[in-house]
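Take a look at the structure set out below.
By convention in this document, chain letters (A, B, ...) are assigned in the order of the sequence lines, proteins followed by strands, and residues within each chain are numbered from 1. Source: prediction; values computed, not measured. Atoms considered below: every heavy atom in the structure, side chains included; atoms not considered: hydrogens, waters and symmetry mates.
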Amino acid sequence: MAIEIFNTQNRRKQEFIPLKGSKVGMYVCGVTVYDMCHIGHARSMIVFDVIARYLRHKGYDLTYVRNFTDVDDKIIARANKEGVSYKALSEKYIHEFYTDMGYLGIEKADVEPKASEHIPQIIDMVKALMDKSYAYEANGSVYFSVERFKGYGKLSGRKIDDMIAGARVEVDNSKRNPLDFALWKKSKPGEPWWDSPWSRGRPGWHIECSVMSTHYLGPTLDIHGGGKDLIFPHHENEIAQSEATYDVPFVRYWIHNGFVTINNDKMSKSLGNFLTIRELSKEAHPEVLRLLLLSRHYRSPIDFSMDTIKDARAGLTRFYEMLLRVHNVPKNATKPRLSGIVSGFREKLDEAMSDDFNTARAIAHIHELTTEVNKLLDARPEVAQADVETIESAMGEVRDILGIMKEDPVKFLESMKHRGLDEIGIDLAELEDLIRQREQARKVKDFKKADSIRDELKARGIALKDTPDGTLWERI
RNA sequence: GGCGGCAUAGCCAAGUGGUAAGGCGACGGUCUGCAAAACCGUUAUUCACCGGUUCGAAUCCGGUUGCCGCCUCCA
């Protein structure tokens, strides 16, 4: 099934046709490494991780490039404040980034370039823009002239005149037009610098992405992604720089993900509603976070709360319990029972994902699959040996595309239980003792005592279930 | 002020012209000592509001209201 992608450029879904057959080049704006990553970064990384996984699953030969911005005003400011070099600071947070990505199960990109390691290429591109009169020098800095680039504003749907009329453009006397942006910044004392024809300075923010993307993927990218907030000015400026330099379309498909909000507000430090991935890793299993962040379409805002975590946890538990059930049921069936259900599921999964990476619909299909399998096993609790492989292969597909269902069901369900136990402050030995007491009471039909133990545990957040194999517990 | 987005049941949420997916919750049932889990059934004649186009609209167009984002660093 052909993939359709919603292209920010024209706000329509379009069939995905790469420039060079099955070879696909995708560039995603990574992070500026001056602080810990938050849940908003997690969403963006997960969204593009899933897009990369799906493209590969569909057989595309993908080259995925995701950069680190490791020289920039915020990094320098923070490094100076902490009395360390910009390099030491950025390296520290790159390390933290990898820790978080590892936790979330996000695959590495094929190339992860750093701005500071591409200074010669950046200088070359600035030179080229100077030569073509798209850029000018002023006081040792170099600016891009937005008026010289005829398509300026085409991605974000803005007009230069309208923006100048707006009250919030910065005033900078060295610029010819307030919207012009720095390609090269002359460094102040105490800031990192590199020699250039214009000054000892450092690159502007936007130029690094134009340089590194084309350096690794060529002048036209199939896909360029990032958060919605990057549409203007960052991506608009990238288009201007790149198309002015190479005279070919910069990007075929622009993909932008929506924000994560908390109580419907964008996360920001000033609002104090900032949740880091590190903090969350104590609260939630990584697959729960992935499921939560993939449960809404990537372009919509997603609101984050303890309730939505709980929903995601319940959903994931349901999937693993179904999987475990298939494993545990007798393998006596003479004919496979799950093949029809599973092949239907795989088709629907592909249909959902090919429709602009609709992970929300894909997840709904996993729920439907779960219901159908449970129904079948309720009617007759047995499968054929082949059914185990069938369900495993379907879950393997889910794992490859969405990055969930990677764990052994027994281990997952156990870890969820124990994670919950710590949170509500119940000691495992105490719990097991209470369960034993209740078993004894039930044996002698002292249901009053049995029920009171169950009620007590329920009040403390533990639900018991009696099965033919004994009493099981789980957190409510 | 300019540009853009969103408004679907108690909650989360899919759905861009063909007669409202999925999950959570709630209620009834099967099962159970009773429960839980699982399964079955019920839970939006209707998609913020008002007009219009159409044989037909949650979906397209115009307007109104509310919320949000971008225009300054931002995933």
Side-chain angles (χ1 to χ4, degrees), chain A residues 6 8 11-13 28-32 34-35 37-48 69 72-74 77 153 156-159 161-170 179 205 225-234 236 256-261 264-269 291-292 295-297 299-303 305 307-308 310-315 317-318 321-322 325 348 352 355 358-379 381 442 445-448 450-451 454-455 458 463-468 471-474 476:
Chain A
F6 183 92
T8 309
R11 300 196 178 79
R12 281 208 323 263
K13 276 189 208 170
V28 174
C29 288
V31 292
T32 301
Y34 74 106
D35 204 348
C37 287
H38 59 247
I39 184 71
H41 295 113
R43 184 186 198 189
S44 186
M45 294 304 135
I46 288 172
V47 162
F48 289 101
T69 297
D72 128 300
D73 291 348
K74 288 194 299 285
S156 54
R158 293 151 202 263
K159 295 187 184 77
D161 292 345
D162 290 345
M163 285 189 280
I164 291 170
R168 297 174 75 185
V169 288
E170 83 184 83
L179 293 175
W205 173 38
K228 264 190 161 67
D229 49 346
L230 297 179
I231 295 172
F232 190 89
H234 186 53
E236 195 69 71
H256 291 97
N257 66 274
F259 291 125
V260 178
T261 60
N264 290 317
D265 281 321
K266 182 181 169 180
M267 261 191 294
S268 77
K269 292 194 170 175
L291 186 68
L292 163 56
S295 65
R296 261 206 104 164
H297 187 91
R299 277 186 278 114
S300 305
I302 187 166
D303 199 51
S305 71
D307 277 354
T308 51
K310 212 173 160 185
D311 267 13
R313 190 171 60 208
T317 302
R318 185 168 183 254
E321 279 178 343
M322 176 274 286
R325 204 175 165 195
K348 285 186 246 172
D355 182 9
N358 196 326
T359 54
R361 218 157 71 204
I363 290 165
H365 293 316
I366 307 174
H367 275 291
E368 287 162 357
L369 171 74
T370 302
T371 300
E372 288 189 57
V373 169
N374 277 329
K375 188 192 289 194
L376 203 98
L377 296 182
D378 265 18
R442 289 182 72 219
K445 303 221 184 287
D446 182 357
F447 295 122
K448 202 173 169 185
D451 289 354
R454 188 172 63 197
D455 290 344
K458 190 177 178 185
L464 299 181
K465 27 181 169 177
D466 300 319
T467 75
T471 297
L472 305 178
W473 60 272
E474 71 179 20
I476 297 167

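Contact between A:Lys465 and A:Glu321 at its shortest, heavy atoms only, is NZ-OE2, 3.9 Å. Taking every heavy atom of both residues into account, A:Ser44 and A:Gly227 meet most closely at OG-N, 4.4 Å.
In this structure, A:Phe48 reaches neither bases nor backbone, as no heavy-atom distance under 4.0 Å exists between it and the strands shown. Among the heavy atoms of the strands lying under 4.0 Å from A:Gly157 are primed sugar atoms or P, OP1, OP2 only; no base atom is included. Here A:Leu230 lies in heavy-atom contact (under 4.0 Å) with sugar-phosphate atoms only. In this structure, A:Gly258 reaches the bases: a heavy-atom distance under 4.0 Å links it to at least one base atom across the strands shown. If you check every strand for non-hydrogen atoms under 4.0 Å, A:Arg296 touches sugar and phosphate atoms only. Within the nucleic acid shown, A:His365 has no heavy atom closer than 4.0 Å to any nucleic acid atom. Among the protein residues, A:Val47 comes within range of no part of the nucleic acid, since none of its heavy atoms lies under 4.0 Å from any strand. Across all strands, A:Phe232 comes closer than 4.0 Å only to sugar-phosphate atoms, never to a base (heavy-atom distances).
Comparing B:rA35 with B:rG28, their P atoms sit 11 Å apart, to the nearest whole Å. Taking atom P in both B:rG23 and B:rU42, one finds a spacing of 13 Å when rounded to whole Å. A distance of about 24 Å separates the C1' atoms of B:rC49 and B:rA14, rounded to the whole Å. With P as the reference atom, B:rA26 and B:rA36 are 10 Å apart, rounded to whole Å. Comparing B:rG66 with B:rU53, their P atoms are spaced 28 Å from each other, to the whole Å. On the C1' atoms, B:rG22 is 8 Å away from B:rA13, given to the nearest whole Å. For the P atom pair drawn from B:rG51 and B:rU43, the interatomic distance equals 29 Å after rounding to whole Å. Rounded to whole Å, the P atom of B:rU54 lies 36 Å from the corresponding atom of B:rG1.
Between the side chain of A:His41 and the backbone N or O of A:His38 there is at least one donor-acceptor pair closer than 3.5 Å. Remark: side-chain polar atoms of A:Asn358 are paired, donor with acceptor, to backbone N or O of A:Arg361 under 3.5 angstrom. In this structure, A:Thr359 contributes its side chain and A:Ala362 its backbone to no donor-acceptor pair below 3.5 Å. Not one N or O on the side chain of A:Lys159 forms a donor-acceptor pair closer than 3.5 Å with the backbone of A:Gly153.
Residue A:Arg158 contributes atom CZ, which lies 8 Å from atom C1' of B:rG2 at whole-angstrom precision. Distance A:Asp229 CG to B:rC71 P: 8 Å, rounded to the nearest Å. One can place CZ of A:Phe6 at 12 Å from P of B:rG15, the figure rounded to the nearest angstrom. Taking atom NZ of residue A:Lys13 and atom P of nucleotide B:rA14, one finds them 12 Å apart after rounding to whole Å. If you measure from atom NZ of A:Lys310 to atom P of B:rG25, you get 9 Å, rounded to the nearest angstrom. Look at CG on A:Asp303: it is 13 Å from C1' on B:rC6, rounded to the nearest Å. Atoms CZ (A:Arg361) and C1' (B:rA14) sit 7 Å apart, rounded to a whole Å. Put simply, CG on A:Leu292 is 18 Å from P on B:rG23, counting in whole angstrom units.
Within the structure, salt bridge (Lys or Arg N to Asp or Glu O under 4.0 Å) contacts touching residues 366-378 of chain A (residues at least two apart or in different chains) are A:Arg325-A:Asp378, A:Lys348-A:Glu368.
Toward the 5′ end of RNA chain B lies the nearest nucleotide of A:Ile302, the other residue of the pair A:Glu368 and A:Ile302 mapping further downstream. Both A:Lys448 and A:Gly315 sit near RNA chain B, but only A:Gly315 has its closest nucleotide nearer the 5' end.
No N or O donor and acceptor, one from the side chain of A:Asp161 and one from the base of B:rG2, sit under 3.5 Å apart. Put simply, the side chain of A:Arg454 and the base of B:rC34 share a donor and an acceptor less than 3.5 Å apart.
Of the nucleotides present, B:rC6 is the one that pairs with B:rG66 by Watson-Crick or G-U wobble criteria, both distances under 3.5 Å. In this structure, B:rU16 forms no base pair with any nucleotide, since neither Watson-Crick nor G-U wobble geometry is met with both distances under 3.5 Å. Across all strands shown, B:rU53 forms no Watson-Crick or G-U wobble pair with both distances under 3.5 Å. Nucleotide B:rA58 has no partner under the Watson-Crick or G-U criteria, as no pair reaches both atom distances under 3.5 Å. Base pairing of B:rG28 is made with B:rC40, judged by Watson-Crick or G-U wobble geometry with both donor-acceptor distances under 3.5 Å. Under the Watson-Crick and G-U wobble criteria, each requiring two contacts below 3.5 Å, nucleotide B:rA75 is left unpaired.
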Expected rows: protein N/O vs nucleotides 36-40 of chain B N/O, under 3.5 Å:
from	atom 1	to	atom 2	distance (Å)
B:rA38	O3'	A:Asn374	ND2	3.3
B:rA38	O2'	A:Arg325	NH1	3.2
B:rA38	O2'	A:Asp378	OD1	3.0
B:rA38	O2'	A:Asp378	OD2	3.0
B:rC39	OP1	A:Arg318	NH2	3.4
B:rC39	OP1	A:Asn374	ND2	3.4
B:rC39	O4'	A:Asp378	OD2	2.6
B:rC40	OP1	A:Lys375	NZ	3.1

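Taking the side chain to side chain donor-acceptor pair (under 3.5 Å) definition, one finds that A:Arg296 meets it with nothing, sequence neighbours left out.
Of the candidate nucleotides B:rG4, B:rA75, B:rG22, B:rG4 has the atom lying nearest to any side-chain atom of A:Arg11. Of the candidate nucleotides B:rA14, B:rC34, B:rA75, B:rA75 has the atom nearest to the side chain of A:Lys266. Considering only the side chain of A:His367, B:rG22 comes nearest among B:rG22, B:rC34, B:rA75.
Using a cut-off of 4.0 Å between Lys/Arg side-chain N and Asp/Glu carboxylate O, A:Asp455 and A:Lys458 are scored as not salt-bridged.
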Apply side chain to side chain contact (heavy atoms under 4.5 Å, CB included) to residues A:Met322 and A:Leu377 and explain how you reach the verdict. CA-CA 10 Å; A:Met322 176 274 286; A:Leu377 296 182; over 6 Å; no

Check the pair A:Glu236, A:Leu179 against side chain to side chain contact (heavy atoms under 4.5 Å, CB included), reporting the backbone distance first and the verdict last. CA-CA 11 Å; A:Glu236 195 69 71; A:Leu179 293 175; over 6 Å; no

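Residue A:His41 has a polar side-chain atom (N or O) positioned under 4.0 Å from OP1 or OP2 of B:rA75.
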